[in-house]
Amino acid sequence: MTRPNPPTTPEEYIAGLDEPRRTHVQTLFDLIRKAAPELEPWMVSGKIGFGKFPYQGKSKACSGEWFKLGLASNKNSIMFAYAEKLPKASIGRSCINFRKFEDVDLDVLREIAERTAKADFSNWMM
């Protein structure tokens, strides 16, 4: 479902969430900002993106800017776009989804944010 007036800033996005999800997403937002301050937050495709990089898809028609690290509140989980070292999370190609905030190892997410900030995205393809 599309919101009639989607949030235009990460702050609006977080403020629009119900508790306890608002507090959980704010905690993760603050963790990322502290661990990777060089990754500026922005809104992209209904998610909070951190950092930007240009990408080129396999076809010339597929190109644009994307986030290095993403954060979103989905219906049944919180999405942290990256993957590694989180046994209770559902991990896809590039996303970590977790149902219970309490199951997340914040030290691992902090490490992911720090490593992502330093990663080279210059040859990344979608």
Side-chain angles (χ1 to χ4, degrees):
M1 180 165 87
T2 305
R3 295 179 184 177
N5 295 310
T8 59
T9 67
E11 293 77 14
E12 285 179 13
Y13 179 88
I14 294 168
L17 299 174
D18 293 331
E19 287 296 350
R21 191 63 67 90
R22 180 183 314 127
T23 297
H24 296 162
V25 171
Q26 183 69 58
T27 298
L28 295 173
F29 180 87
D30 294 342
L31 177 145
I32 295 166
R33 294 296 295 139
K34 187 173 181 181
E38 62 272 37
L39 298 179
E40 287 295 320
W42 60 300
M43 292 302 298
V44 57
S45 298
K47 301 168 186 60
I48 301 172
F50 295 89
K52 293 181 182 182
F53 70 94
Y55 68 86
Q56 176 63 53
K58 292 178 182 173
S59 77
K60 292 190 186 268
C62 180
S63 65
E65 279 190 320
W66 199 241
F67 54 80
K68 291 184 175 185
L69 195 126
L71 177 62
S73 177
N74 298 323
K75 183 177 179 180
N76 294 316
S77 62
I78 295 174
M79 181 214 66
F80 190 94
Y82 195 82
E84 193 177 299
K85 296 188 191 175
L86 295 165
K88 290 193 176 186
S90 169
I91 299 176
R93 271 183 36 181
S94 65
C95 295
I96 300 165
N97 293 287
F98 48 92
R99 292 182 185 268
K100 292 183 181 178
F101 184 76
E102 298 76 22
D103 288 342
V104 178
D105 183 334
L106 294 178
D107 290 331
V108 171
L109 295 185
R110 186 176 297 105
E111 177 187 341
I112 290 169
E114 289 168 350
R115 289 176 60 195
T116 300
K118 295 173 187 164
D120 178 10
F121 284 78
S122 63
N123 294 316
W124 200 83
M125 290 185 66
M126 285 186 118

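Since the structure is predicted, the reported quantities are computational estimates derived from the model, not experimental observations. Atoms considered below: every heavy atom in the structure, side chains included; atoms not considered: hydrogens, waters and symmetry mates.
Listed by first and then second residue, the ring-ring contact (aromatic ring centres under 6.0 Å, His included) pairs involving residues 29-48 are Phe29-Phe50 (not counting sequence neighbours). Sequence neighbours left out, the pairs with a member in residues 31-40 that pass salt bridge (charged side-chain N to carboxylate O under 4.0 Å, His left out) are Arg33-Glu40.
In terms of heavy-atom proximity, Ser73 sits nearest to Val25 at CB-CG2, 4.2 Å. Residue Lys68 comes nearest to Lys52 through the heavy atom pair CE-O, 3.9 Å, listed as atom of the first residue, atom of the second, then distance. For the residue pair Arg21 and Asn76, the shortest heavy atom distance occurs at NH2-C, 4.0 Å. Between Tyr13 and Pro7, the closest heavy-atom pair is N-CB, 3.5 Å. The shortest heavy-atom contact between Ala36 and Ala113 is CB-O, 3.5 Å.
For Ser77, there are no side chain to side chain donor-acceptor pair (under 3.5 Å) partners two or more places apart in sequence or in a different chain. Taking Leu31 as the reference, Leu106, Leu109, Arg110 meet the side-chain contact (heavy atoms from CB on, under 4.5 Å) condition, with sequence neighbours excluded. Remark: Glu19 engages Arg22 in a salt bridge (charged side-chain N to carboxylate O under 4.0 Å, His left out) (not counting sequence neighbours). Take Thr8 and apply the side-chain contact (heavy atoms from CB on, under 4.5 Å) test, not counting sequence neighbours, and it matches Glu12.
Taken to the nearest 0.5 Å, the CD1 atom of Ile48 stands 8.5 Å off from the OG1 atom of Thr9.
Looking at Asp105, its side chain does come within 3.5 Å of a backbone N or O of Asp107 through a donor-acceptor pair.
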